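These notes concern the structure reproduced below.
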Amino acid sequence: MSRLTATQARRIAVAAQGFADQKPTGPVTRAHLRRLISRIQVLQLDSVSVAVRAHYAPVFSRLGPYDRDVLDRAAWSHTARSPRLLVEYWAHEAALMAVDDWPLLRWRMREYTHGRWGREIVKKNGRLADDIVAAIAELGPATAGQIEAHLGAEQRGRKGPWWDRSDTKWVTEALWSAGVLTTATRVGFARHYDLTERVLPPDVVARDVGDDEAVRELILRAAGALGVGTEADIRDYFRLSPKQSKPAVAKLVADGELETVDVDGWAAPAYMPAGHKIPRRDRGTALLCPFDPLIFFRPRVERLFAFHYRIEIYVPQPKRQFGYYVWPFLLDGRLVGRVDLKADRTQGALNVVGAFAEPGEQPARVAAALAPELRTMATWLGLADVRVGKRGDLAPLLRRATRGLS
């Protein structure tokens, strides 16, 4: 069994996610995006837009400022000259993934025949499912609300902020989870559903991949995206079950496609693609949104970076330690600080609500490196200014550093 130091494991992980590569010197193109997706596999979707929606951020973090229309066209439009590159599905949580990889999750679609949640509601409404499919066949891409209006269905009474859904919404979501429907486009982040066979290429829809082969491929993709990880780390990337991942990892090790490694300080054995290179130095500087693939499995973040990170959106404000929507800061391959960011589009400013250096780091060095990254992000978002608030030990130094860039 090979052995890695904690530093080597961290370097491998950061490089595997594309942070050690040079950013494009010209405009980011569809080809850049395709290569990035082949590397990191997923762009998680999330409704929070306090700074920028989550799926846009990992591309910025790795490729630099880019026209978000490049990603929008790749995900939610199709032309003969520019076929759809990405599709939405439960690939981690709701995420964008390569269209060609959609058949690898058919087993999950079968598991979600009656949806991921609200299954009893869906089971009681079999006829409604047929009506929804017929409505979409007639309407073309439509939101759940448009489908409901077309069917003349009555809205359910309110059930609370999270579950205020009509039967039509529940069943439409279930059909999406089952792969009968997919996302044709989004407008203002609202999902427009269409029949899957009208959105995805016929060869992708027709492709049948056995469950064992699909899991094997997902494990290989996850291992490549992580660089090095425990079985639990690899399993989490596509939210597989232990029953699926453990025998698949063992088989890939036996076949010589994964290598077992012992990482200093890790309690469990780790795995990495056979022949994986170990970077000789630390590289990679970027702001990371809370749903970035490098950090979305928090136990691994702690092992790799000695960085305790929890999203505090659902924590009452007085009890928050760092803030509402906190972005860790990666500097030369290490997590050295964090900033609570909010885009104030009315005032044209990227507000740094709080700024914190990690224990043991040099705040002046962190602030000097972070300031230009924030300025670049503000420009990318069409914001003219960066404003640093008073919260956090890094705030005074960061305020001075950002003023120096004005």
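Note that the structure is predicted; figures quoted are calculated from it, not measured. Position 1 is the first residue of the sequence; numbering continues from there.
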Looking at [X] and [Y], would you say the former's side chain and the latter's main chain have a donor-acceptor pair under 3.5 Å?
X      : Y      : value
Arg391 : Gly354 : no
Thr230 : Ala270 : no
Arg207 : Asp100 : yes
Gln17  : Leu226 : no
Asn351 : Val353 : no
Ser82  : Thr79  : no
Glu358 : Leu335 : no
Asp340 : Tyr324 : yes
Arg11  : Arg280 : yes

Test side-chain hydrogen bond (donor to acceptor under 3.5 Å, both in side chains) applied to [X] - qualifying residues, sequence neighbours left out:
X      : answer
Trp327 : none
Arg387 : Asp385
Glu217 : Arg221
Trp107 : none

Counterpart residues, salt bridge (Lys or Arg N to Asp or Glu O under 4.0 Å), relative to [X] (two or more places apart):
X      : answer
Arg3   : Asp262, Asp264
Asp344 : none
Asp21  : Arg39

Salt bridge present between [X] and [Y] (N-O < 4.0 angstrom):
X      : Y      : value
Arg216 : Asp212 : no
Arg239 : Glu93  : yes
Asp282 : Arg10  : yes
Asp211 : Arg108 : no
Arg298 : Glu302 : no
Glu111 : Arg116 : no
Lys251 : Asp255 : yes

- What is the ring orientation for Trp176 with Tyr89, classed by angle as parallel under 30°, tilted 30 to 60°, or perpendicular over 60°?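 If you compare the ring of Trp176 with that of Tyr89, the planes turn out tilted.
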Between [X] and [Y], a side-chain donor and acceptor under 3.5 Å:
X      : Y      : value
Glu88  : Trp76  : yes
Glu173 : Tyr193 : yes
Ser241 : Arg235 : no
Ser177 : Trp90  : yes

[atom1] of [X] to [atom2] of [Y]: how many Å apart, nearest 0.5 Å?
X      : Y      : atom1 : atom2 : answer
Leu374 : Leu341 : CG    : CG    : 6.0 Å
Thr183 : Arg191 : OG1   : CZ    : 4.5 Å
Ile234 : Asp236 : CD1   : CG    : 11.0 Å
Leu330 : Leu370 : CG    : CG    : 11.5 Å
Glu197 : Thr182 : CD    : OG1   : 11.0 Å

Which atom pairs, donor and acceptor, lie under 3.5 Å between side-chain atoms of residues 290-297 and protein residues at least two apart or in another chain?
unit_1	atom_1	unit_2	atom_2	d
Asp292	OD1	Arg62	NH2	2.7
Asp292	OD1	Leu294	N	2.9
Asp292	OD2	Arg62	NH1	2.8

- Query: So, is the end of the Arg119 side chain (NZ or CZ) under 6.0 Å from the ring centre of Tyr112 and within 45° of the ring's axis?
  - Reply: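 Not satisfied by the 6.0 Å and 45° rule.
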- Check whether NZ of the Lys or CZ of the Arg Arg53 lies under 6.0 Å from the centre of the six-membered ring of Phe189 and within 45 degrees of that ring's axis.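 Judged by the rule, Arg53 and Phe189 form a cation-pi pair.
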- Walk me through it: do Glu373 and Thr285 pass the test side-chain hydrogen bond (donor to acceptor under 3.5 Å, both in side chains)? CA-CA 9 Å; Glu373 294 294 323; Thr285 295; 5.8 Å; no
- Message: I'd like to know whether the aromatic ring centres of Trp380 and Tyr66 sit less than 6.0 Å apart in this structure.
- Response: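 Close enough - the centres of the two rings lie under 6.0 Å apart.
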- Query: Taking atom CD of Gln362 as the centre, does the number of heavy atoms from other residues, nucleotides or ligands within less than 6.0 Å exceed 12?
  - Reply: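 Not more than 12 within 6.0 Å, no.
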- Query: Is the number of heavy atoms from other residues, nucleotides or ligands under 6.0 Å of Lys23 NZ greater than 12?
  - Reply: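 Atom NZ in Lys23 is crowded, with more than 12 foreign heavy atoms closer than 6.0 Å.
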- Task: State which residues pass ring-ring contact (aromatic ring centres under 6.0 Å, His included) with Phe322; sequence neighbours excluded, sorted by chain then number.
- Result: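 With neighbours one apart ignored, the set is Phe356.
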- Considering residues at least two apart in sequence or located in another chain, which fulfil the side chain to side chain contact (heavy atoms under 4.5 Å, CB included) criterion with Arg345?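 Arg345 satisfies side chain to side chain contact (heavy atoms under 4.5 Å, CB included) with Ala343, Leu383 only.
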Could you list the donor-acceptor pairs under 3.5 angstrom formed by side chains in residues 127-141, with sequence neighbours left out?
none

- Message: Give me each pair satisfying salt bridge (charged side-chain N to carboxylate O under 4.0 Å, His left out) with a member in residues 315-337, each pair once, sequence neighbours excluded.
- Response: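 Non-adjacent pairs meeting salt bridge (charged side-chain N to carboxylate O under 4.0 Å, His left out): Asp332-Arg365, Arg334-Glu361.
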